[in-house]
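The basis for the numbers below is simple: all heavy atoms, side chains too, and nothing from hydrogens, waters or symmetry mates.
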Amino acid sequence: RTLIADLTIFPGYDAEVNEIPVGPNGQVTLSFDPEGSFKFRYRLMGLNQCTNCKVAIHLGTTCDVFSAIGQSLWNSDSLRIDPWDSHNSPAMYNASYAEQRRERSSTGDFDMNIGYGFDEVKGRVVIFSDSSGNGVSCGVLESGLSTMVKKEVILAAQMVPGTRQESRQNGVGEVGLFYKLDGSFILKYNVRNLPDNCRDCKVQVMLGTMCDETNLN
């Protein structure tokens with residue numbers, strides 16, 4: 001049995017201040033064995049430099065409200081110490097620079113036993129923290145199909161001003177397409193210095209292969 005969490009920015013974490021264009025994002029997969037232990041697999045992108053940083057499942061059921069996240073989830077009736085916070089806990093990750101994506105990312109897995117099985121863990125939140133212990137990414141664990149069963153597909157674009165822009169500083173930034181197993185994708189963007197009068201303006205992927213406006217189609 002498997003639980004999946006799609007990771008997004010932790011409440012209150014400012015990706016722009018931390019110089020991360022798209023922000024922390026990724027996925028966690030928990031694969032449970034019959035005894036209730038599980039394999040914790042993760043893939044996280046858009047990180048700052050981090051060594052031996054913590055990850056834990058918490059009592060909360062939503063990532064929208066910081067005060068609702070609660071303490072780490074573990075069964076104190078069957079375990080003597082918190083397995084997420086013990087001296088030899090495997091629940092840690094390192095963020096290294098990925099040249100292909102031009103950002104820091106982290107991928108790995110570890111085995112975990114928190115004294116609870118699939119039913120008790122489903123619906124809880126999983127949180128990745130930085131080197132200072134502050135949350136950077138969060139997701140809710142639900143039943144589903146992991147996109148990590150096949151090679152990850154990411155397309156990225158460096159945005160530059162259109163040919164009609166008066167300033168070469170307008171409309172600059174980054175766009176990323178993160179493809180799922182079903183072929184759909186999540187579009188994430190960070191574009192700066194846009195016109196003040198832009199409301200409900202469109203973003204589109206076009207047929208053209210050049211940014212010259214005559215070739216966009």
Side-chain angles (χ1 to χ4, degrees), residues 1-15 17-18 20 22-96 103-148 152:
R1 306 178 75 182
T2 302
L3 292 175
I4 311 295
D6 289 321
L7 301 168
T8 57
I9 296 177
F10 187 81
Y13 184 79
D14 195 326
V17 168
N18 286 278
I20 301 174
V22 178
N25 62 93
Q27 191 178 81
V28 163
T29 300
L30 306 187
S31 301
F32 287 81
D33 62 28
E35 288 73 36
S37 298
F38 55 83
K39 173 76 74 173
F40 187 113
R41 297 182 177 90
Y42 62 90
R43 180 184 65 223
L44 192 61
M45 297 157 284
L47 299 166
N48 274 321
Q49 181 67 38
C50 206
T51 302
N52 293 334
C53 294
K54 292 184 177 181
V55 54
I57 297 171
H58 288 250
L59 289 167
T61 57
T62 177
C63 291
D64 297 333
V65 182
F66 176 81
S67 60
I69 289 171
Q71 300 296 316
S72 56
L73 177 67
W74 62 287
N75 190 343
S76 59
D77 292 331
S78 60
L79 301 174
R80 290 190 304 153
I81 58 175
D82 182 350
W84 300 106
D85 199 35
S86 65
H87 176 70
N88 59 348
S89 174
M92 293 185 178
Y93 72 97
N94 299 307
S96 57
E103 65 177 356
R104 290 185 177 88
S105 63
S106 184
T107 302
D109 61 74
F110 53 84
D111 295 315
M112 203 69 179
N113 178 11
I114 61 173
Y116 288 127
F118 178 93
D119 292 331
E120 293 85 3
V121 176
K122 182 179 179 181
R124 307 293 185 174
V125 297
V126 56
I127 297 172
F128 286 75
S129 301
D130 62 16
S131 56
S132 299
N134 301 311
V136 300
S137 193
C138 180
V140 180
L141 290 158
E142 300 288 357
S143 300
L145 180 62
S146 173
T147 61
M148 285 193 281
E152 171 188 33

Apply the test side chain to side chain contact (heavy atoms under 4.5 Å, CB included) to residues V121 and I114: give CA-CA distance (whole Å), side-chain angles for both, the deciding distance (0.1 Å), then the verdict.
CA-CA 10 Å; V121 176; I114 61 173; 3.9 Å; yes
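Side-chain atoms of I57 and Y116, non-hydrogen and from C-beta on, never get closer than 4.5 Å to each other. In this structure, L7 and N25 have side chains that are not in contact, with every pair of non-hydrogen atoms separated by 4.5 Å or more. Using a 4.5 Å cut-off on side-chain heavy atoms (C-beta onward), H58 and L73 make no contact.
Atoms OG1 and CG, from T51 and D130 in turn, are 12.0 Å apart once rounded to the nearest 0.5 Å. Distance check, rounded to the nearest 0.5 Å: CD of E120 to CG of N75 gives 8.0 Å. The distance from atom CZ of F118 to atom OG1 of T2, rounded to the nearest 0.5 Å, is 7.5 Å. L3 CG to D119 CG: the interatomic distance, rounded to the nearest 0.5 Å, is 9.0 Å. In this structure, CG on L47 lies 6.5 Å from OG on S106, to the nearest 0.5 angstrom. With rounding to the nearest 0.5 Å, the separation of CG in L141 from OG1 in T61 is 11.5 Å.
Remark: V140 pairs with C63, V125, E142 by the side-chain contact (heavy atoms from CB on, under 4.5 Å) rule, at least two apart or across chains. Under the side chain to side chain donor-acceptor pair (under 3.5 Å) criterion, D85 pairs with K54, sequence neighbours left out. With sequence neighbours left out, the side-chain contact (heavy atoms from CB on, under 4.5 Å) criterion links I81 to S86. Residues that satisfy the side chain to side chain donor-acceptor pair (under 3.5 Å) test with S72, not counting sequence neighbours, are D82. Partners of C53 under the side-chain contact (heavy atoms from CB on, under 4.5 Å) rule, at least two apart in sequence or in another chain, are C50, Y93, S131. For the side chain to side chain donor-acceptor pair (under 3.5 Å) test, residues two or more places apart in sequence or in another chain that qualify with D111 are K39.
Considering L30, T107, V28 as possible partners of Y42, the one that fulfils the side-chain contact (heavy atoms from CB on, under 4.5 Å) test is V28.
Looking at S132, its side chain never comes within 3.5 Å of a backbone N or O of N134 through a donor-acceptor pair. Between the D33 side chain and the F38 main chain, no donor and acceptor come within less than 3.5 Å of each other. Using a distance-only test at 3.5 Å, with no hydrogens or angles considered, a donor-acceptor pair links the side chain of R124 to the main chain of L59.
C138 and F10 make their closest contact through CB-CD1, 3.9 Å (heavy atoms, listed as atom of the first residue, atom of the second, distance). Between A56 and W84, the closest heavy-atom pair is CA-CE3, 3.5 Å. Nearest heavy atom pair, residue R41 against residue S31, reads NH1-OG, 3.1 Å. Looking at every heavy atom in both residues, P90 comes nearest to M112 through CG-SD, 4.0 Å. When all heavy atoms of G26 and M45 are compared, the closest pair comes out as CA-CE, 4.2 Å.
By the 6.0 Å contact criterion, CD on Q71 is open, its count of non-hydrogen atoms from other residues, nucleotides or ligands being 12 or less.
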